[in-house]
Peer 1: 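Below is the structure I would like to discuss, written out as structure tokens.
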Amino acid sequence: MKSALCNRFFILLPWILIVIIMLDVDPRRPAPQLTSRPYFSPHTVGCGGSRVPLRRSSPGRDAAEKRNESRPQLQPEPRLPTIYAITPTYSRPVQKAELTRLANTFRQVAQLHWILVEDRATRSELVSSFLARAGLPNTHLHVPTPRRYKRPWLPRATEQRNAGLAWLRQRHQHQSAQPGVLFFADDDNTYSLELFQEVTSTRKVSVWPVGLVGGRRYERPLVKNGKVVGWYTGWREDRPFAIDMAGFAVSLQVILSNPKAVFKRRGSQPGMQESDFLKQITTVDELEPKANNCTKVLVWHTRTEKVNLANEPKYHMDTVNIEV
């Protein structure tokens with residue numbers, strides 16, 4: 001009797017094991033992945049071109065990612081336009097102080113490329129070393145102003161601004177225009193960071209108020225129903241564009257589409273260079289008001305007071321040559 005029961009047990013045992021294995025397998029559970037892909041931060045390049053470290057995985061994070069696998073993937077954010085700031089500069093006692101103020105502001109702006117143009121036949125050691133330590137994407141140019149144009153009543157920085165425009169056109173001549181916007185940042189201006197948020201949405205030419213200019217607390221375009229209809233200014237309201245050099249920005253596409261648009265020497269009067277330039281690329285009706293319909297001042301024309309160095313030659317000079 002015992003022998004018969006044992007024979008039946010061993011005959012049924014394999015079938016029992018097969019049934020147990022089949023019941024243990026869950027056909028709805030996905031098979032484990034053989035390999036895992038490393039995760040890269042959306043910003044893969046940091047300062048100095050170094051790659052951002054890979055994100056380390058953890059059990060909790062891996063479980064969360066598995067739960068989100070079935071969710072639709074988010075679309076990547078549109079690329080921010082590059083902001084090109086053209087800054088003419090010349091040698092004077094306060095030059096480094098002015099550039100330092102600008103650099104401290106520009107360093108906080110995403111996607112900004114600084115085009116610094118010296119009024120010199122060669123690059124100066126002061127500006128070259130300053131830019132090397134500034135921690136900003138930059139281009140260092142130089143072009144001298146002819147001596148015959150260095151008179152108080154003649155327009156200034158014409159050659160330097162045109163050199164910046166020429167560099168931009170040459171850089172993009174063999175490639176499709178990348179998203180970009182240009183403005184002219186004189187080295188005696190002071191900027192609110194809010195302005196750069198406004199600038200990035202420029203489609204063609206945008207405008208805004210400027211503080212401490214024209215003998216008034218501010219000058220600004222007058223806006224009605226979202227359109228510029230006039231100018232609040234302290235000097236020559238009859239100008240086609242009664243605006244300061246710090247009060248407008250131009251899209252890169254407009255600059256490239258108008259290769260002959262430059263700042264003029266012949267026939268241009270002091271205070272008229274803005275109008276002479278803008279007439280070549282836009283009309284008043286096309287201007288895009290920024291800064292809450294041109295009711296907020298986000299840039300100031302803060303001319304630095306001329307430094308008094310009367311005591312410099314009267315006393316013994318320092319034995320250490322300190323750059324100021």
Side-chain angles (χ1 to χ4, degrees), residues 80-88 98 101-102 104-106 108-115 157 161 164-165 168 179-255 261 263 271-303:
L80 287 175
T82 299
I83 300 175
Y84 294 97
I86 295 180
T87 299
E98 304 273 29
R101 182 179 65 247
L102 274 187
N104 288 340
T105 300
F106 291 167
Q108 302 177 66
V109 181
Q111 293 292 106
L112 186 141
H113 188 107
W114 197 7
I115 306 172
R161 295 189 182 104
L165 292 171
L168 269 177
V181 62
L182 158 73
F183 73 104
F184 298 95
D186 290 353
D187 58 5
D188 56 358
N189 292 342
T190 302
Y191 292 90
S192 166
L193 293 177
E194 187 179 346
L195 178 65
F196 301 99
Q197 300 174 5
E198 304 265 346
V199 164
T200 55
S201 61
T202 298
R203 298 187 302 273
K204 189 171 182 180
V205 179
S206 58
V207 293
W208 53 81
V210 179
L212 308 177
V213 68
R216 309 196 71 158
R217 292 193 304 122
Y218 62 87
E219 292 184 339
R220 73 180 185 96
L222 300 176
V223 179
K224 184 177 181 180
N225 297 326
K227 294 288 185 178
V228 175
V229 296
W231 311 94
Y232 178 83
T233 181
W235 181 74
R236 289 200 59 176
E237 296 182 6
D238 61 324
R239 286 176 288 163
F241 296 86
I243 193 170
D244 187 76
M245 193 70 68
F248 66 92
V250 186
S251 77
L252 178 59
Q253 185 58 56
V254 169
I255 295 297
F263 291 93
M272 292 294 292
Q273 283 211 320
E274 297 88 347
S275 288
D276 292 340
F277 178 73
L278 291 172
K279 283 191 301 184
Q280 301 172 69
I281 60 175
T282 191
T283 63
V284 173
D285 188 61
E286 294 177 325
L287 297 178
E288 305 158 35
K290 301 295 183 183
N292 194 23
N293 276 329
C294 296
T295 60
K296 293 175 65 176
V297 174
L298 302 176
V299 56
W300 297 262
H301 199 172
T302 48
R303 294 180 177 88

Peer 1: Using a strict 4.0 Å threshold on nitrogen-to-oxygen distance, state whether K296 and E194 make a salt bridge.
Peer 2: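 E194 and K296: salt-bridged.
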Peer 1: For the pair F196 and Y191, name the ring-plane relationship: parallel under 30°, tilted 30 to 60°, perpendicular over 60°.
Peer 2: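 Tilted: the ring planes of F196 and Y191 meet at 30° to 60°.
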Peer 1: Report all side-chain donor-acceptor pairs from residues 209-218 shorter than 3.5 Å, counting only partners two or more places apart or in another chain.
Peer 2:
unit_1 : atom_1 : unit_2 : atom_2 : d
R216   : NH1    : T233   : O      : 3.4
R216   : NH2    : Y232   : OH     : 2.7

Peer 1: Measure the CD1-CG distance between I83 and L182 for me, rounded to the nearest 0.5 Å.
Peer 2: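 Result: 10.5 Å between the selected atoms.
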Peer 1: With under 30° as parallel and over 60° as perpendicular, where do the rings of Y84 and H113 fit, or are they tilted in between?
Peer 2: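 Y84 and H113: tilted rings.
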Peer 1: How close do P289 and V228 get, counting heavy atoms only, and between which atoms?
Peer 2: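 Looking at all heavy atoms of both residues, the closest pair is CG-CG2, 4.1 Å.
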Peer 1: Can F241 and K279 be said to form a side chain to side chain contact (heavy atoms under 4.5 Å, CB included), step by step?
Peer 2: CA-CA 8 Å; F241 296 86; K279 283 191 301 184; 3.8 Å; yes
Peer 1: Roughly how far, to the nearest 0.5 Å, is CG of L193 from CD of E198?
Peer 2: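 Rounded to the nearest 0.5 Å, the CD-CG separation comes to 12.5 Å.
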Peer 1: Side chains of L102 and W114: closer than 4.5 Å at any heavy-atom pair?
Peer 2: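 In short, these two side chains touch, coming nearer than 4.5 Å.
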Peer 1: What pair of heavy atoms forms the shortest contact from A261 to F277, and how long is it?
Peer 2: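 Nearest pair, atom of A261 first, then F277: O-CE1, 3.7 Å.
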Peer 1: Please report the interatomic distance NE2(H301) to CG(D188), rounded to the nearest 0.5 Å.
Peer 2: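 One gets 3.5 Å once the value is rounded to the nearest 0.5 Å.
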Peer 1: Any donor-acceptor pair under 3.5 Å linking the side chain of Q280 with the backbone of D276?
Peer 2: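 Present.
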Peer 1: Give a yes-or-no answer on whether the side chains of K290 and T202 include a donor-acceptor pair shorter than 3.5 Å.
Peer 2: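 Absent: no donor and acceptor within the cut-off.
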Peer 1: I need the minimum non-hydrogen distance between L278 and I243, along with the two atoms involved.
Peer 2: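 What the structure gives for the nearest pair is CD1-CG2, 4.1 Å.
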Peer 1: Quick one: are V284 and E286 in side-chain contact, heavy atoms under 4.5 Å?
Peer 2: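 Answer no - side chains too far apart.
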Peer 1: Donor-acceptor pair, distance only, cut-off 3.5 Å: does the side chain of E219 make one with the backbone of G234?
Peer 2: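 Present.
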Peer 1: After noting the C-alpha distance and the side-chain angles of E274 and F248, does the key distance pass the side chain to side chain contact (heavy atoms under 4.5 Å, CB included) rule?
Peer 2: CA-CA 9 Å; E274 297 88 347; F248 66 92; 4.1 Å; yes
Peer 1: Working to the nearest 0.5 angstrom, can you tell me the gap between F106 CZ and T87 OG1?
Peer 2: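 If I round to the nearest 0.5 Å, the distance is 5.0 Å.
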Peer 1: Got R161 and P88 here, is their nearest side-chain heavy-atom distance under 4.5 Å?
Peer 2: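 Answer yes - side chains close enough.
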Peer 1: Do T282 and L287 have side chains that approach each other closer than 4.5 Å (heavy atoms only, starting at C-beta)?
Peer 2: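 They are in contact (side-chain heavy atoms under 4.5 Å apart), so the answer is yes.
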Peer 1: I'd like to know if the side chain of K204 and the backbone of V254 have a donor-acceptor N/O pair within less than 3.5 Å.
Peer 2: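 Looks like no, no N/O pair under 3.5 Å.
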Peer 1: Side chain to side chain contact (heavy atoms under 4.5 Å, CB included) for Q273 and F184? Distances and angles first, verdict last.
Peer 2: CA-CA 12 Å; Q273 283 211 320; F184 298 95; over 6 Å; no
Peer 1: Of the non-hydrogen atoms in V207 and P221, which two are nearest, and what is the gap between them?
Peer 2: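 What the structure gives for the nearest pair is CG2-CG, 3.9 Å.
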Peer 1: What pair of heavy atoms forms the shortest contact from Q111 to P81, and how long is it?
Peer 2: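 Looks like CB-O, 3.6 Å.
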Peer 1: Can you check whether N292's main-chain N or O pairs, donor with acceptor, with T295's side chain at less than 3.5 Å?
Peer 2: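 Checked: pair present.
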Peer 1: Tell me the closest heavy-atom pair linking I86 and G164, and the distance in Å.
Peer 2: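 Reported closest heavy-atom pair: CD1-C, 3.6 Å.
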Peer 1: Hey, what do you get for CD (E98) to OG1 (T302), rounding to the nearest 0.5 Å?
Peer 2: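 It comes to 6.5 Å.
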Peer 1: To the nearest 0.5 Å, what is the distance between CG (L165) and CD1 (I115)?
Peer 2: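 Rounded to the nearest 0.5 Å, the CG-CD1 separation comes to 8.5 Å.
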Peer 1: Restricting to ring pair (Phe, Tyr, Trp, His ring centres under 6.0 Å), what partner residues turn up for W208, sequence neighbours left out?
Peer 2: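 So W208 forms no ring pair (Phe, Tyr, Trp, His ring centres under 6.0 Å) with any residue.
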